[in-house]
There are 2 protein chains.
Amino acid sequence: MATIRDIAKAAGVSASSVSRVINNGPKVGEETRKKILAIIKEVGYTPNANAQAINDNQKLAVGIVMPNIQQPFFSAMAHGIEQVAGQLNAQIMLHSSEAHEQGEQEAIETLMEHRYQSMVVHSSVLDDEKLIRYAQTIPGFVLMNRHIEAISGQCVWLEDAEGGRLRAKFAFDYGHRKYAIFCSNRADIGAQCRFVMSKQWLIAKGIEEHDICTIIDSPTYQGGRRAVQDLVASGHSFTAILAHNDEMAIGAMSMLEAQGLSTPDDVSVIGYDDLNIAEFTQPQLTTVKYPIEAMAIVATQMALSLNKNQVQESQRKFHPSMVLRSSFCRL
Amino acid sequence: MATIRDIAKAAGVSASSVSRVINNGPKVGEETRKKILAIIKEVGYTPNANAQAINDNQKLAVGIVMPNIQQPFFSAMAHGIEQVAGQLNAQIMLHSSEAHEQGEQEAIETLMEHRYQSMVVHSSVLDDEKLIRYAQTIPGFVLMNRHIEAISGQCVWLEDAEGGRLRAKFAFDYGHRKYAIFCSNRADIGAQCRFVMSKQWLIAKGIEEHDICTIIDSPTYQGGRRAVQDLVASGHSFTAILAHNDEMAIGAMSMLEAQGLSTPDDVSVIGYDDLNIAEFTQPQLTTVKYPIEAMAIVATQMALSLNKNQVQESQRKFHPSMVLRSSFCRL
DNA sequence: TTGAAAGCGGTACCAG
DNA sequence: CTGGTACCGCTTTCAA
């Protein structure tokens with residue numbers, strides 16, 4: 001690889017001048033600049049970003065840490081990050097923690113080694129203490145989809161408990177009294193939140209414990225299918241399914257159909273997330289909106305911005321809302 | 001930020017020793033090692049990956065260039081890349097060219113500046129000449145979903161023309177004679193391929209031009225919906241829709257339903273890609289399999305492997321296949 | 001406007 | 001086993 005000195009030699013100038021040209025430095029003679037540029041083009045010289053980064057540690061770059069880019073929820077998050085990064089021409093370093101053995105912690109540490117000063121992380125397994133340490137060490141550390149009081153200013157989160165209540169109330173108000181709740185089996189701190197809140201709310205309303213059937217499976221299409229199988233096999237009666245997320249809900253509808261049960265005539269279904277696809281399923285999916293893309297945009301702006309402390313809590317704390325479509329109906 | 005020399009000073013040893021410890025160097029006294037490790041932990045020292053990269057240019061890292069991570073097709077591709085990278089503990093630098101103004105070229109050049117020696121790129125707009133140049137400059141450059149003869153050894157691609165014929169033949173064999181083909185409006189070299197081949201094949205079979213209605217729209221759920229609207233509005237009669245991809249197909253089914261047309265009873269639909277979701281739609285989607293994840297895995301192995309020239313053409317050239325489900329039926 | 005030289009954080013070679 | 005030193009590719013004073 002050609003270096004700056006090679007170029008300098010070829011152009012009969014000093015490395016300093018070449019450096020100035022590369023960085024659009026202010027004080028270079030028109031002659032010299034032209035000559036140098038010509039050589040650069042000719043040789044096909046590309047500056048070494050690593051060497052540049054060694055001096056000036058202020059790279060415009062954001063690291064992403066998330067479990068799995070293939071799940072639509074996370075690819076929507078990545079897309080939000082990308083939009084902000086793209087506008088600012090910032091690099092993106094992606095770490096899918098599920099794919100890596102050591103996972104989240106290793107991912108964060110690698111980003112630190114590369115001196116990333118901005119990172120947006122969705123942590124499923126790290127404990128509060130560790131995250132607090134990271135957040136305090138790295139000013140541009142933003143924690144997504146999780147709220148830790150001690151570093152609240154660096155969190156962007158959804159009031160998940162609210163979503164849990166919301167969907168329960170919705171189902172209840174629509175006259176349903178026998179529920180199945182599909183819960184995620186992932187080791188995700190707080191994954192249980194929406195489930196617990198729904199159940200609590202219903203019980204507080206006087207629903208009997210045995211009228212709330214809980215099925216645990218993976219938060220995927222397949223998981224939703226299996227959950228319905230297990231549910232039917234269990235013999236519990238139910239008129240409404242509250243799924244952990246849209247993928248499970250879609251999988252559920254698919255298996256309900258296979259079992260000869262129609263949505264929403266026989267069983268009403270509520271998802272969670274409001275993925276793009278939710279609007280295009282048949283029937284269209286009633287769900288709880290999780291504005292992940294908007295949240296990712298805010299998080300990335302915070303991570304990349306210099307005055308991150310200016311973002312009000314009201315802009316960091318998001319609220320879920322019901323999206324009414326046709327997979328759910330009154331009993 | 002603490003440097004290696006800070007640690008050395010604090011431990012009363014030389015920088016060399018610290019360096020050896022960091023890299024699990026072979027010749028360090030147990031005493032010294034312990035002392036150094038202790039200080040490192042205490043200070044919270046993190047080696048600077050950029051400085052390391054300046055010497056040893058062989059980083060284990062792969063760059064991704066693709067249009068848009070949010071489309072399921074591309075997130076499946078990213079997922080494939082991730083799996084291989086994760087196993088090898090390689091970094092991933094992601095560039096979504098749509099989000100960046102200057103797009104693909106800029107993305108590739110940034111990767112070069114960072115001395116990435118492995119990259120997997122899906123290029124939609126760059127011309128052959130430029131890509132050939134890149135491929136020849138960077139040994140670990142792998143071009144995905146596109147085949148350029150001159151750099152065939154660095155391409156991983158699907159025989160798209162075959163897919164175009166396949167679905168046409170399938171529809172024809174099932175007795176359909178009036179078709180609508182939904183085509184992508186994206187500036188993607190070769191995006192038209194599957195459309196052109198389908199049409200050609202049908203015409204060769206004696207289908208009249210006016211019995212093949214072409215609608216051009218974006219390759220998304222919404223695009224599929226609009227395409228159906230336009231199609232219906234056009235007054236053409238049709239019994240089968242060949243959609244550019246699964247997303248359009250799903251959008252199409254959704255709008256057909258809204259128009260009171262049932263799939264497959266009134267209209268049969270074929271998608272393209274075989275996304276995860278295809279199995280869970282209602283009706284389940286008949287489609288052309290594009291094994292993008294498997295392809296991405298091969299591409300990444302090639303990009304990251306040292307003996308990349310060993311991969312046979314048969315492993316780089318993939319073939320589409322029909323996946324029969326219920327959205328398509330005999331006339 | 002230009003060049004020489006020091007330094008950024010590490011690595012690696014060579015003595016000791 | 002350990003330390004000294006030169007050097008990686010580039011930027012940035014500081015003089016000239």
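All chains are named by letter (A, B, ...) in the order of the sequence lines, taking the proteins before the strands, and each is independently numbered beginning at 1.
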### For B:I54, all residues meeting side chain to side chain contact (heavy atoms under 4.5 Å, CB included), sequence neighbours excluded
A:A51, A:I54
### Query
Could you state the NZ-P distance from A:K9 to C:dG3, rounded to the nearest angstrom?
14 Å
### Summary
Separation of D:dC1 atom P from B:K34 atom NZ, nearest Å, is 14 Å
### Query
When we call it a touch if two heavy atoms are under 4.0 Å apart, what does B:V18 touch: a base, just sugar-phosphate, or nothing?
nothing
### Message
If the helix axis at each end comes from five base pairs, how far does the helix from C:dT1-D:dA16 to C:dG16-D:dC1 deviate from straight, to 10°?
### Response
40°
### Query
Of all residues at least two apart in sequence or in a different chain, which pass the salt bridge (charged side-chain N to carboxylate O under 4.0 Å, His left out) check with A:E159?
A:K317
### Task
Using only side-chain N and O atoms of A:S19, determine if any of them is under 4.0 Å from OP1 or OP2 of D:dT11.
yes
### Task
Taking salt bridge (charged side-chain N to carboxylate O under 4.0 Å, His left out) as the test, write out the residues that go with B:R115, two or more places apart.
none
### Query
Who pairs with B:D6 by salt bridge (charged side-chain N to carboxylate O under 4.0 Å, His left out), at least two apart in sequence or on another chain?
none
Listed pairs, N/O of protein and of nucleotides 6-9 of chain D, under 3.5 Å:
unit_1, atom_1, unit_2, atom_2, d
D:dC8, O2, B:N55, OD1, 2.6
D:dG9, N7, A:R5, NH2, 3.2

### Message
From CZ of A:R33 over to C1' of C:dT2, roughly how many Å is that when rounded to an integer?
### Response
13 Å
### Task
Return the value, rounded to whole Å, for the distance between atom CG of A:N23 and atom P of D:dT13.
13 Å
### Task
Check salt bridge (charged side-chain N to carboxylate O under 4.0 Å, His left out) between B:K9 and all other residues, then give those that pass, not counting sequence neighbours.
none
### Message
Using a heavy-atom cut-off of 4.0 Å across all strands, would you classify A:N50 as base, sugar-phosphate, or nothing?
### Response
nothing
### side-chain N/O B:T32 vs D:dT2 OP1/OP2, d < 4.0 Å
yes
Do any N or O atoms of the protein come closer than 3.5 Å to N or O atoms of nucleotides 13-15 of chain C, and which pairs are they?
none

### Task
Round to the nearest Å and state the distance from A:I7 atom CD1 to D:dC10 atom P.
9 Å
### Query
Do we see a donor-acceptor contact under 3.5 Å between the side chains of A:Q136 and A:Q154?
no
### Summary
Across all chains, not counting sequence neighbours, the ring-ring contact (aromatic ring centres under 6.0 Å, His included) partners of A:Y45 are none
### Task
For B:H147 and B:S152, test the side chains for any donor-to-acceptor distance below 3.5 angstrom and give the result as yes or no.
yes
### Task
Only pairs at least two apart or in different chains count here, so list each salt bridge (charged side-chain N to carboxylate O under 4.0 Å, His left out) that has a residue in residues 40-50 of chain A.
none
### Query
Among pairs that include at least one residue of residues 66-90 of chain A, which meet ring pair (Phe, Tyr, Trp, His ring centres under 6.0 Å), considering only residues two or more places apart or in two chains?
A:F73-A:Y290, A:F74-A:H122
### Query
Tell me the salt bridge (charged side-chain N to carboxylate O under 4.0 Å, His left out) pairs involving residues 145-155 of chain B, sequence neighbours left out?
B:D128-B:R146
